[in-house]
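By convention in this document, chain letters (A, B, ...) are assigned in the order of the sequence lines, proteins followed by strands, and residues within each chain are numbered from 1. We use all heavy atoms of the structure for the numbers below, so side chains are in, but hydrogens, waters and symmetry mates are not.
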Amino acid sequence: MTDPTHPAPSHTPVRVRIAPSPTGPLHIGTARTALFNYLFARHHGGTFILRLEDTDGARSSIAYEKDILDGLHWLGMTWDEGPDVAGGADIGTYGPYRQMQRLDRYEEAATRLLDQGDAYPCYCTPEELDAERKAREAAKEQPRYSGRCARLTPDQRADFLAEGRRSAIRFRIPDGPIVVDDIIRGRVEIDGAQLGGDLVIVRADGNPLYHFTVVVDDAAMGITHVIRGEDHLSNTPKHVLLFRALGAAVPHFAHLPLILNPDGSKMSKRKSQTALSDYLAEGFIREGLVNYLGLLGWSTGTDEDVLSLQDLVDQFDLPHVQKGGARFDRERLLWLNGQWIRRLSPDELVDRLRPFLEADRIAGRIARMPSDEEIRALLPLIRERLPMLGAVTETAGFFFADQLELDPAMLVPKRWGPQTTIEGLRAARAAIARGGEVTFEADELEAPLRGLAEERGWKVGDLFMAIRVAITGRTATPPLFDTMVALGFQRTLARLDRAIEVLVASAGA
RNA sequence: GCCCCCAUCGUCUAGAGGCCUAGGACGCCACCCUUUCAAGGUGGAGAUCAGGGGUUCGAAUCCCCUUGGGGGUACCA
């Protein structure tokens with residue numbers, strides 16, 4: 001914390017925010033940015049704020065707002081200020097935390113900039129601007145607003161008004177270097193002349209624009225550290241200028257590396273699964289996702305890689321954030337998810353599995369819904385076979401089937417023919433029945449069946465595989481005897497009988 | 001086009017001038033365990049630290065150039 005590249009937040013209480021725009025479902029990148037802000041806030045005992053940037057009325061919706069808030073909560077994050085529930089009331093004293101409810105503040109700030117001469121009304125129409133841009137393009141000049149409205153006389157303004165023109169408001173961007181001291185990237189210097197000319201901060205229809213609202217809000221909410229994606233780095237000089245013009249303290253900036261598609265471009269819906277809810281629906285659990293996201297672009301500097309949210313809070317720091325973009329690696333996420341599924345308590349795992357089984361029951365992928373006790377009993381057989389919760393039916397669905405779909409070809413082990421298989425299954429059935437229901441236990445089943453194979457000169461693997469497919473319909477299953485026990489004496493025998501029937505029928509034909 | 005950022009195994013990364021004949025993890029390949037599949041264990045392949053110049057007794061680490069990648073450049077956020 002005394003690192004020189006790490007502005008000591010101990011002096012001023014940390015205030016950070018995540019400012020999602022409810023124009024789509026919670027994006028995995030937004031979730032990570034939120035997480036890093038959250039970790040930073042909690043690590044330093046600061047305040048984590050959620051602000052909704054909903055000024056794009058046409059694209060914003062309460063459904064997306066809900067998706068975003070629910071997703072962040074689901075991951076385990078809580079915020080100290082902002083709306084706690086979608087559409088709900090704000091918590092915190094710097095509110096409101098929805099930009100649509102802060103329009104008066106933007107208006108006030110814009111008026112101030114106008115009065116100070118830092119901003120001016122611009123009467124150019126979109127058509128004029130467009131023509132200007134094209135002309136510059138043709139002349140191979142950089143796109144940049146000419147500034148034609150920057151020095152209008154009162155008379156000229158009156159004329160435009162008389163024409164019925166409405167004005168946007170532009171903020172003056174002076175030429176000259178602007179320095180951004182980024183905690184992650186160091187000193188970044190950009191010339192104001194490269195910023196595209198004076199910036200529109202309020203549209204002709206009166207709606208304030210993003211670059212303006214973020215700054216007004218960050219200033220008003222006392223944000224001390226702006227932690228966001230690298231895609232905002234180039235625009236930061238505009239923000240710095242705005243903070244200064246508004247007479248506000250410029251916050252510290254930390255630009256995070258972007259999450260990339262497998263091909264290395266900025267992560268997009270087109271090339272990747274970006275909605276957090278889609279991961280949730282597949283059965284990724286919060287512990288796995290948080291762990292993975294926390295390590296995308298940041299590391300502890302040690303060899304540990306299975307980390308809980310609390311571990312991340314304890315160890316998080318900005319200087320260890322990577323500068324280069326990070327490709328999203330589903331395999332690694334899957335592995336971490338499996339790690340965390342195995343670490344869940346039995347009760348917890350049953351609770352998390354239940355909705356997936358219910359969904360598959362409704363979808364008709366399993367015939368009946370198992371009880372909690374039944375799921376719990378199966379846990380030792382399936383928990384290390386679940387990379388994600390959604391795999392439960394694939395792994396254990398045969399337990400809850402009324403009748404297995406049996407493929408005669410699959411029933412016959414590679415080295416065996418149909419006749420041998422029928423023989424083997426009949427003999428196995430007899431041996432199991434002979435053992436009786438009382439001693440129907442994994443330990444008691446193995447010896448007689450093994451003995452049977454030896455006696456008949458069969459490879460145990462072949463016999464066991466035939467039985468396995470007969471009672472599960474699959475070649476890959478949990479351990480055979482545990483599976484039989486979980487299935488129960490009667491059902492095991494019934495399934496063996498049916499498999500024999502199926503084989504006899506297909507062999508006879 | 002212009003501006004900005006970045007550059008260590010396929011991927012995520014450790015590394016802040018000598019501890020590096022570059023470490024860990026995922027994935028991959030073997031082997032062990034084993035009735036299948038997993039899980040677990042052990043071992044292995046895998047990076048001339050993008051390339052080239054400097055600086056230094058010494059560079060993956062500092063500087064410059066080149067190349068490559070990414071981002072930005074709206075009356076979108």
Side-chain angles (χ1 to χ4, degrees), chain A residues 5 19-21 23-24 53-56 59-60 122 124-126 129-130 133 137 140-145 166-170 180 182 184-186 188-191 193-196 199-205 207-211 213-214 229-237 255 257-258 260 262-266 292 295-306 319-320 322-336 338 342 381-387 395 446 449-450 453 459-465 467-469 472 474-481 483:
Chain A
T5 61
S21 181
T23 52
E53 311 221 319
D54 57 355
T55 50
D56 187 337
R59 291 194 297 148
S60 296
C122 171
C124 298
T125 63
L129 259 16
D130 207 49
R133 188 174 309 116
E137 214 168 292
K140 288 197 168 180
E141 286 176 56
Q142 351 175 359
R144 180 192 217 283
Y145 175 61
R166 310 199 38 193
S167 68
I169 299 175
R170 280 191 192 264
V180 176
D182 192 278
I184 297 167
R185 278 144 223 286
V188 177
E189 190 179 310
I190 298 178
D191 196 296
Q194 299 295 336
L195 265 26
L199 177 74
V200 176
I201 54 174
V202 180
R203 287 201 285 214
D205 67 7
N207 281 123
L209 259 11
Y210 170 76
H211 294 304
T213 59
V214 244
E230 195 199 331
D231 48 349
H232 289 288
L233 182 57
S234 294
N235 288 320
T236 303
H255 287 90
L258 260 22
L260 274 19
D263 69 4
S265 54
K266 180 179 171 182
Y292 179 70
L295 257 22
L296 246 201
W298 178 78
S299 65
T300 60
T302 69
D303 282 350
E304 306 165 82
D305 36 27
V306 180
H320 275 95
Q322 197 80 6
K323 292 192 190 78
R327 293 169 208 242
F328 194 86
D329 181 3
R330 189 183 164 93
E331 290 301 318
R332 191 172 160 81
L333 168 61
L334 234 20
W335 176 76
L336 276 170
R342 274 166 240 140
L381 309 200
I382 62 173
R383 70 183 315 158
E384 65 270 12
R385 275 165 259 263
L386 293 177
T395 306
E446 184 161 357
L449 290 172
R450 220 172 248 286
K459 289 216 181 248
V460 274
D462 290 337
L463 207 221
F464 288 5
M465 184 52 84
I467 299 172
R468 180 191 321 283
V469 177
T472 67
R474 312 180 55 94
T475 53
T477 72
L480 185 59
F481 307 110
T483 300

Next item on the list: Choose from B:rC75, B:rC6, B:rC4 the nucleotide whose nearest atom is closest to any side-chain atom of A:Arg185.
Entry: B:rC6
Checklist line | Contact summary for A:Val214 and A:Glu53, nearest pair of heavy atoms | finding: CG1-OE2, 3.8 Å
Checklist line | Nearest to side-chain heavy atoms of A:His232, which nucleotide of B:rA77, B:rU13, B:rC75 | finding: B:rA77
Note to self: Of the options B:rC76, B:rU11, B:rC4, whose atoms approach the side-chain atoms of A:Leu209 most closely?
What the structure shows: B:rC76
Notebook entry, point to check: Toward the 5' end of RNA chain B, which comes first, A:Trp335 or A:Arg342, by nearest nucleotide?
Noted result: A:Trp335
Next item on the list: Classify the nucleic acid contact of A:Pro478 as base, sugar-phosphate or nothing, counting any heavy atom under 4.0 Å across all strands shown.
Entry: base
Next item on the list: Determine the contact category for A:Gly196: base if any of its heavy atoms lies under 4.0 Å from a base atom, sugar-phosphate if only primed atoms, P, OP1 or OP2 are that close, otherwise nothing.
Entry: nothing
Notebook entry, point to check: With a non-hydrogen cut-off below 4.0 angstrom, is A:Val460 in contact with a base, only sugar-phosphate, or nothing?
Noted result: nothing
Margin query: Categorize A:His255 for me: base, sugar-phosphate, or nothing, with a 4.0 angstrom heavy-atom threshold over every strand shown.
Written below: nothing
Notebook entry, point to check: Can you find a heavy atom in the side chain of A:Leu386 that is under 4.5 Å from one in the side chain of A:Thr395?
Noted result: yes
Margin query: I'd like the P distance from B:rC19 over to B:rU61, given in whole Å.
Written below: 13 Å
Next item on the list: Among B:rU36, B:rC4, B:rC75, find the nucleotide with the atom closest to the side chain of A:Arg170.
Entry: B:rC75
Check: Looking at the side chain of A:Leu129, which of B:rC75, B:rU36, B:rA77 is the nearest nucleotide?
Finding: B:rC75
Check: Counting distance only, does the side-chain N/O of A:Arg185 pair as donor-acceptor with the main-chain N or O of A:His255 below 3.5 Å?
Finding: yes
Next item on the list: Measure from the side-chain heavy atoms of A:Val200 and tell me the nearest of B:rC75, B:rC2, B:rG70.
Entry: B:rC75
Next item on the list: Report yes if at least one side-chain N or O of A:Ser299 is closer than 4.0 Å to OP1 or OP2 of B:rA14; otherwise report no.
Entry: yes
Note to self: If we count only N and O atoms by modelled type, under 3.5 Å, do the side chains of A:Thr477 and A:Arg468 hold a donor and an acceptor together?
What the structure shows: yes
Next item on the list: For A:Ala326, answer base if it contacts any base atom (sugar-phosphate contacts may also be present), sugar-phosphate if it contacts only those atoms, and nothing otherwise; contact means non-hydrogen atoms under 4.0 Å.
Entry: sugar-phosphate
Item checked: A:Arg332 side chain near B:rC28 phosphate (N/O to OP1/OP2, under 4.0 Å) -> no
Margin query: Using a heavy-atom cut-off of 4.0 Å across all strands, would you classify A:Thr23 as base, sugar-phosphate, or nothing?
Written below: nothing
Notebook entry, point to check: Touch check for A:Arg133, heavy atoms < 4.0 angstrom, all strands: base, sugar-phosphate only, or nothing?
Noted result: sugar-phosphate
Next item on the list: Identify which one of A:Ile467, A:Thr483, A:Leu480 satisfies the side-chain contact (heavy atoms from CB on, under 4.5 Å) criterion when paired with A:Thr472.
Entry: A:Thr483
Next item on the list: Name the nucleic acid region contacted by A:Asp303, choosing base, sugar-phosphate or nothing; use a 4.0 angstrom heavy-atom cut-off, strictly under.
Entry: sugar-phosphate
Notebook entry, point to check: Would you say B:rA77 has OP1 or OP2 under 4.0 Å from some side-chain N or O of A:Arg59?
Noted result: no
Next item on the list: Have a look at A:Ser21 and say if it touches a base, only the backbone sugar-phosphate, or nothing, with a 4.0 Å heavy-atom cut-off.
Entry: sugar-phosphate
Checklist line | Closest to side chain of A:Gln322, choosing from B:rC6, B:rA77, B:rA14 | finding: B:rA14
Check: Can you list the steps and then say if A:Thr300 with A:His320 is a side chain to side chain contact (heavy atoms under 4.5 Å, CB included)?
Finding: CA-CA 7 Å; A:Thr300 60; A:His320 275 95; over 6 Å; no
Item checked: Below 4.0 Å: OP1/OP2 of B:rG69 and any side-chain N or O of A:Lys266 -> no
Notebook entry, point to check: Start at the 5' end of RNA chain B and walk down; is the nucleotide closest to A:Asp205 or to A:Ile190 reached first?
Noted result: A:Ile190
Next item on the list: Classify the nucleic acid contact of A:Pro262 as base, sugar-phosphate or nothing, counting any heavy atom under 4.0 Å across all strands shown.
Entry: nothing
Notebook entry, point to check: What integer number of Å spans the C1' atoms of B:rG72 and B:rA60?
Noted result: 30 Å
Next item on the list: Answer with base, sugar-phosphate or nothing: what part of the nucleic acid does A:Glu384 contact at a heavy-atom distance below 4.0 Å?
Entry: base
Next item on the list: Under 4.0 Å between any heavy atoms, over every strand shown, what does A:Leu258 touch: base, sugar-phosphate, or nothing? Just pick one.
Entry: sugar-phosphate
Next item on the list: Would you mind classifying the nucleic acid contact of A:Tyr292 as base, sugar-phosphate or nothing, using non-hydrogen atoms under 4.0 angstrom?
Entry: nothing
Item checked: Span that lies between the C1' atom of B:rG44 and that of B:rC63, in whole angstrom -> 39 Å
Check: Within the structure shown, what part of the strands sits under 4.0 Å from A:Arg468 by heavy-atom distance: base, sugar-phosphate, or nothing?
Finding: base
Margin query: Quick one, A:Tyr210 with A:Asn235, criterion side chain to side chain contact (heavy atoms under 4.5 Å, CB included). Give me CA distance, side-chain angles, the key distance, then yes/no.
Written below: CA-CA 11 Å; A:Tyr210 170 76; A:Asn235 288 320; over 6 Å; no
